[in-house]
Engineer: 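Here it is, the structure, as structure tokens.
Just so we're on the same page: letters track the sequence lines, and every chain starts at 1.
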There are 2 protein chains.
Amino acid sequence: MPTIKEVSALAGVSLATVSRVMNGSDRVKEETKARVRRAMEELGYTPNSAAQSLASNRSNTLGMVVSWLDGPFYGPVMSGVEEELRRYNKHVIIASGHGDAEQERDAVNYLKARQVDGLILLTECLDQDYLNKLSDELPIYLINQHYDGLDKRNMFLDNEGGGYAATKYLIEQGHTKIVCAAGQAHKQDARERVMGYRRAMEEHGIPYTEDYIEHTVFDLPGGLAAMHLFEQKGIEFTAVTAGSDEMAIGVLEWAKQHHLTVPDDISVIGFDNQLVANYVSPRLTTMDFPAYDMAKACARMAVHEIYHKKEPNGFEFKPTLVVRNSVAPPKA
Amino acid sequence: MPTIKEVSALAGVSLATVSRVMNGSDRVKEETKARVRRAMEELGYTPNSAAQSLASNRSNTLGMVVSWLDGPFYGPVMSGVEEELRRYNKHVIIASGHGDAEQERDAVNYLKARQVDGLILLTECLDQDYLNKLSDELPIYLINQHYDGLDKRNMFLDNEGGGYAATKYLIEQGHTKIVCAAGQAHKQDARERVMGYRRAMEEHGIPYTEDYIEHTVFDLPGGLAAMHLFEQKGIEFTAVTAGSDEMAIGVLEWAKQHHLTVPDDISVIGFDNQLVANYVSPRLTTMDFPAYDMAKACARMAVHEIYHKKEPNGFEFKPTLVVRNSVAPPKA
DNA sequence: TTGTATGCGTTATCAT
DNA sequence: ATGATAACGCATACAA
């Protein structure tokens, strides 16, 4: 492995000059710059990142904590972060928190010990207090999580707008009896999606009561449970806005149990556009969650702020409607 | 951040001694060892990994190249590797090859430039020649990929046994007219699973012809395509062994198109036990692919060999049957 | 614009 | 069993 020293010898300059050329030219004469570059080429030089880190007190590495490495949502996010960082010649160390508060804090500590230059968090169990203290120590960026003191380092989804769009689509198809099967009431995204549902109903002058809304859990059994609750309450409906694709699949299940056909007898719209949405039958109409794009944007923002002293600017992403086969106009 | 120097001062020993205590053993008197440990505790000392790397010429990091960060299969693998390495206080840098030969090589180069101590590969596009040269440069470990010169650093699945077990289960349920919808013929795992199918049929004295086997693609349309081919050939069957869960879902789709009920009219068994297998209706009976365990074993083996000079010992994993609702005895 | 010198925190080689 | 001390490869303050 060639070092900066050999490069400097070959190019006939000092170590410092080579270093300058690498770190995006301070002021170096174009000519010598070229000479150094050529020497680097010739030797196949690649910088030793450990030495760089030690000397600069920077690891050129961001840490990323995700709740799960294998959830359907995290693949695209990790993919986006990794790709974007690689573009800037930084890297990412990923640690999993396993959806547990203590382990998530462990993961953070682990990454801090690795002297990461910043932290990208896609977690569920870290509270504001903790994040507060943490952000005093190093820059942290939140994906899909609101945090009052940090709105500039925050990338999140317009859940309200998504809920609105989903419901509006159902309305445009002619539905008026629309129930809302939502996720855990304590989760902000679940609540926001419901807000969107409400706004859509209200803006279109469609009456509904609180009985039309059930908060259960963001998964298949949750969807099923919500439907059973609607059923018990004797509510009539022709369409369901589900809080997630998994819940929507629970609705599909329920329909099947009752020998109802989707979308002929009942329409369902999901949320997230997970991989599974494409594999169930009928394929789910749903709101696409641009997780990959969010992740890329987040990584880019982090790089710019940490390494290039730019200002952060959090960003809100809009989900988009993906029309497939689980929604149709109501039967006359 | 406290350094080794401060620790040595507080403990009243030299730098070297502290270093010895950290790096396990050497011979240090228990008493001083304890004193040093206490000093580390007190200061909340954590080693600077960049300095360690620089001095030891080791990064304590393994590189991992996966074809995709977001495929359903890779989550558990990354999860397993990450967890296991963290246990040993090593880490992993993950790079994605995007299923493209050039990008996979790029990813390898990127990681080599990061001076990783070894490489875990879960790739599809790197050929034997390339791997040959690569393994001269640094230790490489292969997950789910055969490589003749490297069978000791190889973790793979007993695909043949899996195909056998799946088919045998169908046979035990009373089926005899069993077709095999397999993945790409050029993929070794696809072929091996078919071998298992053959062996099961033969061992049970059940006649079948080459027409009972179709190689298409490991995905939903592939499953659908295979079924259409069987249909065109006018083959009668009561059960299908699919090469993957996605293909099995294609079979489900096909059954639906023909107003056939699974498992009443036709039985289907998948392979992989992906997340989706639980979300389709009926839930898929399938062979579980222990990706997580394989990944853990691979990481452990790599750590032992690279950092503790142990001998590698590749390992073969057995898939296990997961009984759900897509298989039933044939109708009388 | 370029070169010199120092230090980053650790490991490892010698001593003792 | 422990201590001095020289690397490791690079960044950077300071000098020229």
Engineer: With a 4.0 Å cut-off on heavy atoms, is A/Thr32 in touch with a base, just the backbone sugar-phosphate, or nothing at all?
Structural biologist: sugar-phosphate
Engineer: Salt-bridge test for A/Arg105 and A/Glu102: reply yes if a basic N is under 4.0 Å from a carboxylate O, no otherwise.
Structural biologist: no
Engineer: Count the heavy atoms belonging to other residues, nucleotides or ligands that lie under 6.0 Å from CD of B/Glu311, then report whether that count exceeds 12.
Structural biologist: no
Engineer: Thinking salt bridges, do A/Glu82 and A/Arg86 make one under a 4.0 Å N-O criterion?
Structural biologist: yes
Engineer: In whole Å, I'd like the distance from the OH atom of A/Tyr307 to the P atom of D/dA11.
Structural biologist: 14 Å
Engineer: Should the pair B/Glu41-B/Arg38 be classified as a salt bridge under the 4.0 Å nitrogen-to-oxygen rule?
Structural biologist: no
Engineer: Can you name the one residue among A/Asn60, A/Leu138, A/Ile306 that meets side-chain contact (heavy atoms from CB on, under 4.5 Å) with A/Val116?
Structural biologist: A/Leu138
Engineer: Any chance you could list the contact pattern along nucleotides 6-16 of chain C? Use B for base contacts, S for sugar-phosphate-only contacts and - for none, protein heavy atoms under 4.0 Å, 5' to 3'.
Structural biologist: -BBBBBB----
Engineer: Estimate the overall bend of the helix from C/dT1-D/dA16 to C/dT16-D/dA1 from the end axes over five pairs each, rounded to 10 degrees.
Structural biologist: 30°
Engineer: Take the protein atom CD of B/Glu30 and the nucleotide atom C1' of D/dA1, then report the distance between them rounded to whole Å.
Structural biologist: 12 Å
Engineer: Should the pair A/Phe317 and A/Phe315 be assigned to parallel (<30°), tilted (30 to 60°) or perpendicular (>60°) ring geometry?
Structural biologist: perpendicular
Engineer: Between the side chains of B/Lys152 and B/Glu305, is the shortest nitrogen-to-carboxylate-oxygen separation below 4.0 Å, so that they form an ion pair?
Structural biologist: no
Engineer: OP1 or OP2 of D/dG3 versus the side-chain N and O atoms of B/Thr17: is any pair under 4.0 Å?
Structural biologist: yes
Engineer: Using distance alone, with no hydrogens and no angle criterion, decide if B/Glu6 and B/Tyr45 have a side-chain donor and acceptor under 3.5 Å apart.
Structural biologist: no
